[in-house]
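To start, the structure itself, in structure tokens.
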Amino acid sequence: MKRLAALLAALLFSPAAGAQPAPPSPAPAAASIPRPIGAVQPLSGAAPGTQPRPQVRRAAPKAPPAPAGPKPDVKLTLDAPTTHGPWTVRVANAGDIPVRLVADARLLTLELTPRGARKPLRCQLPADMRPADDTDRTLVLPPKRSYSESFEPRLYCFGERELEALEATTIVVARLGWPERANGRGPHVVSAIEGVEPEVAPLADLESPPVSLPDEPTPMAPAEPPRTAEDPDPVHLALGSTRAVDAQSAENLALTVTLRNDGKRPVRVRFRPETLGFEVTSSSGVQHCGWPAMPSAPTRDYFSTLAPGGAESLTVLVGDYCGRAPFERPGLVVLRPNLDTRRASGAPIGLKTFDGVVIAATPSVVRLHTGYAKPRIERSRLDPAQ
């Protein structure tokens, strides 16, 4: 009996066959720690409370620059025998490698440093008269050969300050090309010729050694009229005009002419368009231009009286005097006005007037952008071989 009771007790209190044991009780959750606002959530696997390392992107290594070829042995020189021109620039290839040259004096930049000046004045043509790229007037410059071109410095150094700086002892440095674009991208005034080895390095510009403008004979001042017993205070008139005129074309080219009385007594004079004339110097040569008709019969209204120290101005169209001939091509035009009243006297109507000639001491310079003639193709040439 005792053995049967023990067997029943074992069956009642032992787990059933194939039953799984109960899982262990979960551990109590750790108390959560509040994070400050703006704290960075640590990356997975990072220890709590540590900051993540920033991800650094490494730039790809730059390709090494292409090796530059030898520098071409090309020299620029300036010949300035006078203060107002013409001047000549010369480019010589002293090396042994032929190069491509933009042989165009329109690319010149002049730096003028007058005596006592701290900074130079920079002179160059306006944009519409200057080449925009290096495709025009190119020339193959062989070794030991040169190219030369003459130019008018007053066409570049235009304006009151620049014209005044063209004087003796002024230091001038010339640059040919594009000095403001010397970044290696072009355009270039000197470059390699395709297929020629070694390939020379390109040059954006060439710079000349400085030169000093020479002394020139001082122009004689106009002689004062002789004094006589009958006329102790003779007439002394002076003629002047606008110093510089920048003209897009010759059409409607206007010039202001001023007559001044530098004498000591009033002067009655016929100062009108028909008594004016001009001596014009341009690429076409020298031409004397006058009013196309003779002065008409005098009347009192045609005459004006200039007091001592007084002046009178008159603006005229130069084309009414000269026509088209001096303005066929763009460039520098020099105008020197004159007054001639010998055929416009007031004597026929009983007036005592000035009956003579007055020539301006200083001419006017005109920078003409466009001429009447169709532009022609300019081709640069090498200097004769020596």
- Task: Considering non-hydrogen atoms only, spot the tightest contact between F327 and C322 and give its length.
- Result: CE1-CB, 4.2 Å

Using a distance-only test with no angle check, is there a side-chain donor-acceptor pair under 3.5 angstrom linking [X] and [Y]?
X: H369; Y: D246; value: yes
X: S241; Y: S364; value: yes
X: T88; Y: D79; value: no
X: T83; Y: E167; value: no

pair [X]-[Y]: side-chain heavy atoms closer than 4.5 Å:
X: L112; Y: R122; answer: no
X: V334; Y: V280; answer: no
X: T170; Y: S212; answer: no
X: V140; Y: I193; answer: yes

- Have a look at I97 and tell me which of P142, P198, P72, P143 forms a side chain to side chain contact (heavy atoms under 4.5 Å, CB included) with it. P198

- For residues 319-330, pull every pair meeting side chain to side chain donor-acceptor pair (under 3.5 Å), keeping only residues two or more places apart or in separate chains. R329-E378

- Item | is_close_aromatic(F303, F271), centroid dist under 6.0 Å | no

Polar side-chain atom of [X] near backbone of [Y] as donor-acceptor pair, under 3.5 Å:
X: D262; Y: L237; answer: no
X: T242; Y: L255; answer: no
X: T275; Y: R272; answer: yes

- With R243, which residues qualify under side-chain contact (heavy atoms from CB on, under 4.5 Å), at least two apart? E160, L163, E164, T362

- Message: When you measure from the centre of the six-membered ring of Y147, is the NZ or CZ of R90 closer than 6.0 Å and no more than 45° off the axis?
- Response: no

